[in-house]
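Values reported hereafter were calculated over all heavy atoms of this structure, with side chains retained and with hydrogens, waters and symmetry mates removed. Sequence lines set the chain letters: A, B, ... in the order given, protein chains first and strands last, and positions in each chain run from 1.
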2 protein chains.
Amino acid sequence: MTSQAACSPWLKPEERKRERNEKREAVLSAAVKSFNEQGFRATSLDDVAASLNVTKPTIYYYFKTKDDILFECVRRGLEGIRDAAEAVEATNGAGMDRLRALLNDYAVTMTKDFGMCVIRTSDHELTPESRTKFRGLKREIDETIRRVIEDGMADGSIARGDARIATFTVTGALNWIAKWFDPSGPLSSEDVAAAAVETLMAGLAPRHAGTETD
Amino acid sequence: MTSQAACSPWLKPEERKRERNEKREAVLSAAVKSFNEQGFRATSLDDVAASLNVTKPTIYYYFKTKDDILFECVRRGLEGIRDAAEAVEATNGAGMDRLRALLNDYAVTMTKDFGMCVIRTSDHELTPESRTKFRGLKREIDETIRRVIEDGMADGSIARGDARIATFTVTGALNWIAKWFDPSGPLSSEDVAAAAVETLMAGLAPRHAGTETD
DNA sequence: ACAGTTTCTTACTCATGAGTATCATATCTA
DNA sequence: TAGATATGATACTCATGAGTAAGAAACTGT
């Protein structure tokens with residue numbers, strides 16, 4: 001190996017592979033931003049391509065269909081949440097504490113591109129096959145959260161009630177972050193997540209000194 | 001007027017007017033159901049027309065554009081909530097109690113066709129002009145709710161915190177009902193609304209006997 | 001009976017955008 | 001130097017669906 005090899009204009013095989021992957025990521029990144037801003041159906045791949053200084057067939061060199069691009073976006077968003085949820089579920093501690101940690105991760109994800117895409121994507125925008133997987137992943141997450149809430153109700157750290165509706169209420173509140181959060185605004189992801197989670201955990205009714213713990 | 005007039009096949013002018021209005025309503029009703037199920041862009045007016053046993057130009061006899069139909073749907077949903085919100089704001093009582101009443105109306109609306117449509121419709125599906133009105137109505141409602149929350153924080157009936165984020169968290173949780181509620185399911189609108197509102201008002205943390213009031 | 005109005009249909013136009021066929025170029029391997 | 005492979009562009013096809021033009025049929029008032 002000469003020292004020339006390091007700055008040669010010809011790339012090694014693994015570098016070529018990495019470049020291809022970077023380009024694929026760039027397509028995904030441009031696409032998810034456009035999906036989030038204009039909506040999936042209003043986004044044309046011609047526009048996505050133009051924003052990357054290429055033409056549409058180039059995108060088809062990296063992805064098979066438009067649906068594949070969308071599904072890859074929501075898959076990333078959902079798998080991120082799912083992994084975080086399952087990691088939290090595996091820990092021990094009061095249901096309340098595990099739930100707080102889980103909801104915090106969940107809320108932060110909702111402020112990121114792929115998380116936002118999950119919420120802004122409706123079932124009917126995906127093909128039947130993708131839709132099935134999409135729903136499956138969402139259900140997994142909902143069930144994990146519900147189990148944590150049920151654990152908390154059982155150990156007394158969470159107020160008793162309908163765990164199903166509580167799950168939907170809580171996740172709904174956090175999902176909504178994906179609809180209004182502005183990354184370029186004054187609030188950070190973490191601030192928003194912390195405030196929203198606190199509202200949900202404590203509720204709107206005022207607490208009274210000395211009643212927080214048994 | 002003979003008694004024949006009552007069962008004559010020829011209608012009086014006001015009856016003709018009423019019939020026209022009924023047909024317009026039927027178009028709106030068929031459209032909003034399809035928008036909610038398939039999404040606005042995936043709904044073709046050909047299909048809506050076919051479901052009413054007419055053809056597309058008939059729809060254009062009752063509405064100017066597809067956007068007009070959608071906007072009429074979201075307008076109805078939003079004006080229903082806005083009127084309820086302003087009526088509640090005008091009452092007196094603790095912020096907490098007014099908020100509970102307001103959120104209940106809000107939640108119930110989210111289980112109805114036009115309310116669901118408001119939530120399932122994204123900004124970018126409307127023309128710029130409709131979008132401006134759409135946002136204006138939504139902002140009015142958000143501001144009313146925020147004022148009620150701020151009143152409650154001032155009078156001590158609601159826990160202090162960031163009223164803006166509290167508003168988004170609460171409305172987000174209720175908006176989400178429009179995404180999962182199934183009118184043909186086992187839960188009634190009122191049951192769902194009551195349970196969701198209770199979760200939000202009381203929070204997830206358990207209460208302790210005798211600490212509810214001062 | 002006749003002119004006008006209401007209601008609805010048939011048969012279009014036209015823009016958009018997903019996806020493809022084909023070719024060009026450059027790099028890699030032998 | 002001769003294929004083989006990777007990457008991209010040009011120039012299409014094709015389905016879909018919003019919106020329209022023109023007219024038919026029924027009813028209204030004169």
Q.
Please tell me if T55(A) has a side-chain N or O lying less than 4.0 Å from either OP1 or OP2 of dA9(D).
A. yes
(Q) Strictly below 4.0 Å: does Y61(B) bring a side-chain N or O up to OP1 or OP2 of dT7(C)? (A) yes
Q.
What is the separation between atom CD on E19(B) and atom P on dT28(D), rounded to the nearest whole Å?
A. 11 Å
Q | Minimum-distance nucleotide to K23(A) side chain [options: dA11(C), dG8(D), dG17(C)] | A | dG8(D)
Q: Please report, rounded to the nearest Å, how far the C1' atom of dA18(D) is from the CZ atom of F63(B).
A: 16 Å
Q) Do K56(A) and dG17(C) have a side chain to base donor-acceptor pair shorter than 3.5 Å? A) no
**Q.** Closest-nucleotide 5' rank along DNA chain C - winner of P57(A) and A42(A)
**A.** A42(A)
Q) Can you tell which of dG17(D), dT20(C), dG19(D) lies closest to the side chain of S44(B)? A) dG17(D)
Contacts table for residues 131-138 of chain A: side-chain donor-acceptor under 3.5 angstrom, sequence neighbours left out:
unit_1: R131(A); atom_1: NH1; unit_2: D123(A); atom_2: O; d: 3.2
unit_1: R131(A); atom_1: NH1; unit_2: L126(A); atom_2: O; d: 3.1
unit_1: T132(A); atom_1: OG1; unit_2: P128(A); atom_2: O; d: 2.9
unit_1: R135(A); atom_1: NE; unit_2: D123(A); atom_2: OD2; d: 2.6
unit_1: R135(A); atom_1: NH2; unit_2: D123(A); atom_2: OD2; d: 2.8

Q. Which pairs with one or both residues in residues 27-54 of chain B pass ring pair (Phe, Tyr, Trp, His ring centres under 6.0 Å), sequence neighbours excluded?
A. F35(B)-F40(B)
Q. Roughly, in whole Å, what's the span from OH in Y62(B) to P in dG19(D)?
A. 18 Å
Q. Within less than 4.0 Å of OP1 or OP2 of dA9(D), is there a side-chain N or O belonging to T58(A)?
A. yes
Q) Rounded to the nearest 0.5 Å, what separation is found between the CG atom of L28(A) and the CZ atom of F114(A)? A) 4.5 Å
Q. Given atom OH of Y60(A) and atom P of dG17(C), what is their separation to the nearest angstrom?
A. 12 Å
Q. If you take all heavy atoms of I149(B) and A163(B), which pair is closest and at what distance?
A. CG2-CB, 4.3 Å
Q) When you measure from the side chain of V54(B), which nucleotide among dT9(C), dG8(D), dT7(C) comes out closest? A) dT9(C)
Q: Calculate the interatomic distance between L45(B) atom CG and dG17(D) atom C1'; express it in whole Å.
A: 9 Å
Q | Distance in angstrom units between R20(A) CZ and dA6(D) P, rounded | A | 8 Å
Q: Calculate the interatomic distance between D46(A) atom CG and dT10(D) atom P; express it in whole Å.
A: 12 Å
Q. Tell me: CD1 of I59(B) to P of dT20(D), nearest whole Å?
A. 14 Å
Q | Residues E72(A) and R75(A) bridged, charged N to O under 4.0 Å | A | yes
